[in-house]
Amino acid sequence: MAWWRHLVSKTPTATPPPLLPNPNPYPNRLQLSLLLLQTSPFSTSFLITKTPKKFKKKRKKDESPRTKLVQTQPNLIPHFEHIVERDAHFRFLTKSRDFLSKQPHRVLRLDDAGKLHRELGFPRGRKIARSLQRHPVLFQTYRHVDNKMWIGFTEFMEDLLEQERVIVDSMESDRVIKVRKLLMMSANKRIPLSKIYHCRSLFGIPEDFRDRVSKYPNYFRTVVEEGGKRMLELVNWDPLLAVSTLEREFMVDEEKVKRAFRFPVKHGKDLGLEKEDERKLNLLNSLPLVSPYSDGSRLDLWTLEAEKYRVGVLHEFLSLTLEKRASIHHVVEFKEEFSLTKHTYQMLFKQPRTFYLAGTEMNWVVFLKDAYDQNGVLIEKDPQVVFNEKLYKYAEMKEMERGCVDQWK
């Protein structure tokens, strides 16, 4: 075996190349695949270089303000949320009723109506016929002499609208007071006519109120500003009207008003206050209330007094509405007149004893909680509210029930 050792020792061997530091100790999948192709004589087409979709972890989408509910489950009040859902359900009814009532002869061509999804309140991209079929007792379609399909109110709906007109006329003096109080709360004692018109259904103000204000020259006058904007201005200040709902309640139930709002006093934990002592301390901030009929535009924006004023203004604003509630769109409409800030949502959310915010963060509705009973029914109902509730009942009917017509006569 000596000759074999001698032969092996004489055979030249290739010296290995010097080891170089690996520039990337953690190669990615592409680099790893190229390395395998260079070093392996076998095919690597069978290797999985991408994680299959079924094994990927599904990322949970973050809730947007458009869909995220304002209230969490422990604080949810179902009957308030149901009212918001009811309004959405009858959106087509309310908007179509208003729009058709302003048309000549209260009719509209079906082809034209299909393009007015925003004005009539049906979903964009849907056919209006689907919305009409939901309320056959109130709406109808017919073929005109021009061989075109038209939509209009049924005879029963025409009778209901006539009875609504009687209600509107009978409540005119009450609506005049509401408008006067709104003007008295505004910063310059004037509000654009367009804003009042946009929120007219919130207060039960009639469609033709711009013509009716001329009947009350002692209360209102119309002023045209430089830009051509028409403003409704207050003529006379009435001290008897400059009393808020909270101030009247204070005379009846002082403790109830004291519990209405909460403006806690910041203090250290070392004080060790009991609940009753802490409540009395907080009353130093809560009382006295700031009247919503004072000039809030002169207050320093971020002071406690200014916040108490804004809370009081919104409480009085909601008290003037028919259903003691308003949406974000109604509140923002009067932002300048009532000296509100962009933090109105957070301000209301900090007062859960008096206000309840329902709906989503982008489209919320604020309720006056004390105006409703435990079942979510308004304690005091305006005649217009009674009419609207019966109208909703008829809107759900697929055919006229016996005795419905006699009930309204």
Side-chain angles (χ1 to χ4, degrees), residues 61 63-73 75-101 108 113-139 151 153 157 160-161 164 197-205 314 317-318 321-333 344-345 348-349 355-369 371-372 375-378 381-382 384-398:
K61 292 184 179 179
E63 284 189 295
S64 67
R66 187 182 297 275
T67 58
K68 186 177 180 181
L69 294 178
V70 173
Q71 302 291 345
T72 55
Q73 186 59 41
N75 303 319
L76 209 66
I77 302 181
H79 53 250
F80 286 138
E81 301 291 343
H82 173 72
I83 293 175
V84 176
E85 295 172 0
R86 184 202 66 181
D87 289 348
H89 178 72
F90 290 114
R91 185 169 181 265
F92 172 78
L93 170 64
T94 54
K95 294 184 76 69
S96 297
R97 179 185 66 173
D98 293 341
F99 190 83
L100 275 177
S101 298
L108 185 64
K115 305 172 186 177
L116 302 174
H117 65 91
R118 183 173 300 174
E119 292 80 358
L120 298 178
F122 63 93
R124 185 175 184 177
R126 300 279 185 91
K127 292 185 178 181
I128 188 176
R130 294 183 60 181
S131 298
L132 291 170
Q133 291 170 359
R134 287 166 48 192
H135 314 298
V137 174
L138 306 179
F139 298 99
I151 64 173
F153 298 127
M157 182 62 168
L160 294 180
L161 294 178
E164 183 183 24
Y197 179 81
H198 181 257
C199 299
R200 65 190 186 281
S201 60
L202 191 67
F203 305 99
I205 299 173
L314 287 174
F317 176 79
L318 294 175
T321 62
L322 293 179
E323 298 189 48
K324 314 308 177 193
R325 61 186 176 90
S327 70
I328 176 180
H329 311 292
H330 297 133
V331 174
V332 171
E333 195 76 46
T344 299
Y345 170 83
L348 292 172
F349 202 74
F355 304 116
Y356 179 83
L357 292 172
T360 61
E361 291 183 352
M362 184 175 286
N363 192 23
W364 48 265
V365 178
V366 56
F367 290 81
L368 269 184
K369 295 175 69 173
Y372 292 80
N375 298 319
V377 179
L378 270 172
K381 291 187 180 181
D382 186 273
Q384 181 67 51
V385 175
V386 176
F387 174 87
N388 291 339
E389 290 178 350
K390 291 184 178 180
L391 184 65
Y392 296 153
K393 184 183 70 172
Y394 294 129
E396 293 288 77
M397 293 182 182
K398 297 305 178 183

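Remark: aromatic rings of Y356 and Y372 are distant, center separation not under 6.0 Å. For an aromatic pair to be called close, the ring centres must be under 6.0 Å apart, and F92 with F99 fails this.
Atom-to-atom distance recorded for L108:CG and I151:CD1 is 5.0 Å, nearest 0.5 angstrom. I83 CD1 to F367 CZ: the interatomic distance, rounded to the nearest 0.5 Å, is 4.5 Å. The distance from atom CD1 of I128 to atom NE2 of H117, rounded to the nearest 0.5 Å, is 11.5 Å. Distance check: L391 CG to H135 NE2 gives 9.5 Å after rounding to the nearest 0.5 Å. Rounded to the nearest 0.5 angstrom, L357 CG and L69 CG are separated by 12.0 Å. For the atom pair CG of L368 and CZ of F317, the computed distance is 11.0 Å after rounding to the nearest 0.5 Å.
Within the 4.5 Å cutoff, the side chain of K381 has heavy atoms near those of the E389 side chain. Contact annotation: the side chain of I328 never approaches that of M362 to less than 4.5 Å [non-hydrogen atoms, C-beta and beyond]. The shortest side-chain heavy-atom distance between V70 and F349 falls under the 4.5 Å cut-off. When side chains are defined from C-beta on, T67 does not count as touching T360, because their heavy atoms never get closer than 4.5 Å. Between L202 and L322 the shortest side-chain heavy-atom distance does not fall below 4.5 Å. Using a 4.5 Å cut-off on side-chain heavy atoms (C-beta onward), L348 and W364 make contact. Looking at heavy atoms from C-beta onward, Q71 lies out of side-chain contact with I77 at the 4.5 angstrom threshold.
Qualifying ring-ring contact (aromatic ring centres under 6.0 Å, His included) partners for F122, counting only residues two or more places apart in sequence or in other chains: none. Listed by chain and number, the residues in a ring-ring contact (aromatic ring centres under 6.0 Å, His included) with Y392 are F90 (sequence neighbours excluded). The side-chain hydrogen bond (donor to acceptor under 3.5 Å, both in side chains) check on Y197 picks up K102, E207, with sequence neighbours excluded. For H330, the side-chain hydrogen bond (donor to acceptor under 3.5 Å, both in side chains) criterion is met by S327, not counting sequence neighbours. Remark: F153 pairs with F139 by the ring-ring contact (aromatic ring centres under 6.0 Å, His included) rule, at least two apart or across chains.
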Mind running side chain to side chain contact (heavy atoms under 4.5 Å, CB included) on N363 and V84 for me, showing each step along the way? CA-CA 10 Å; N363 192 23; V84 176; over 6 Å; no

Could you walk me through whether L378 and V385 pass the side chain to side chain contact (heavy atoms under 4.5 Å, CB included) check? CA-CA 9 Å; L378 270 172; V385 175; 4.1 Å; yes

Going through the distances and angles, do R97 and M157 end up as a side chain to side chain contact (heavy atoms under 4.5 Å, CB included)? CA-CA 10 Å; R97 179 185 66 173; M157 182 62 168; 3.9 Å; yes

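The number of heavy-atom neighbours closer than 6.0 Å to NZ of K115, taken from other residues, nucleotides and ligands shown, is 12 or below.
Residue pairs satisfying the side chain to side chain donor-acceptor pair (under 3.5 Å) criterion with at least one member in residues 82-96, sequence neighbours excluded, are listed as follows: R86-E323, D87-R325, H89-E396.
Minimum interatomic distance between L120 and A113 (heavy atoms only, all atoms of both residues): CD1-O, 3.6 Å. Across all non-hydrogen atoms, the minimal contact from L161 to S101 is CD1-OG, 4.2 Å.
Between the E333 side chain and the H198 main chain, no donor and acceptor come within less than 3.5 Å of each other.
When only modelled atom types and interatomic distance are considered, E164 and Q384 share a side-chain donor-acceptor pair under 3.5 Å.
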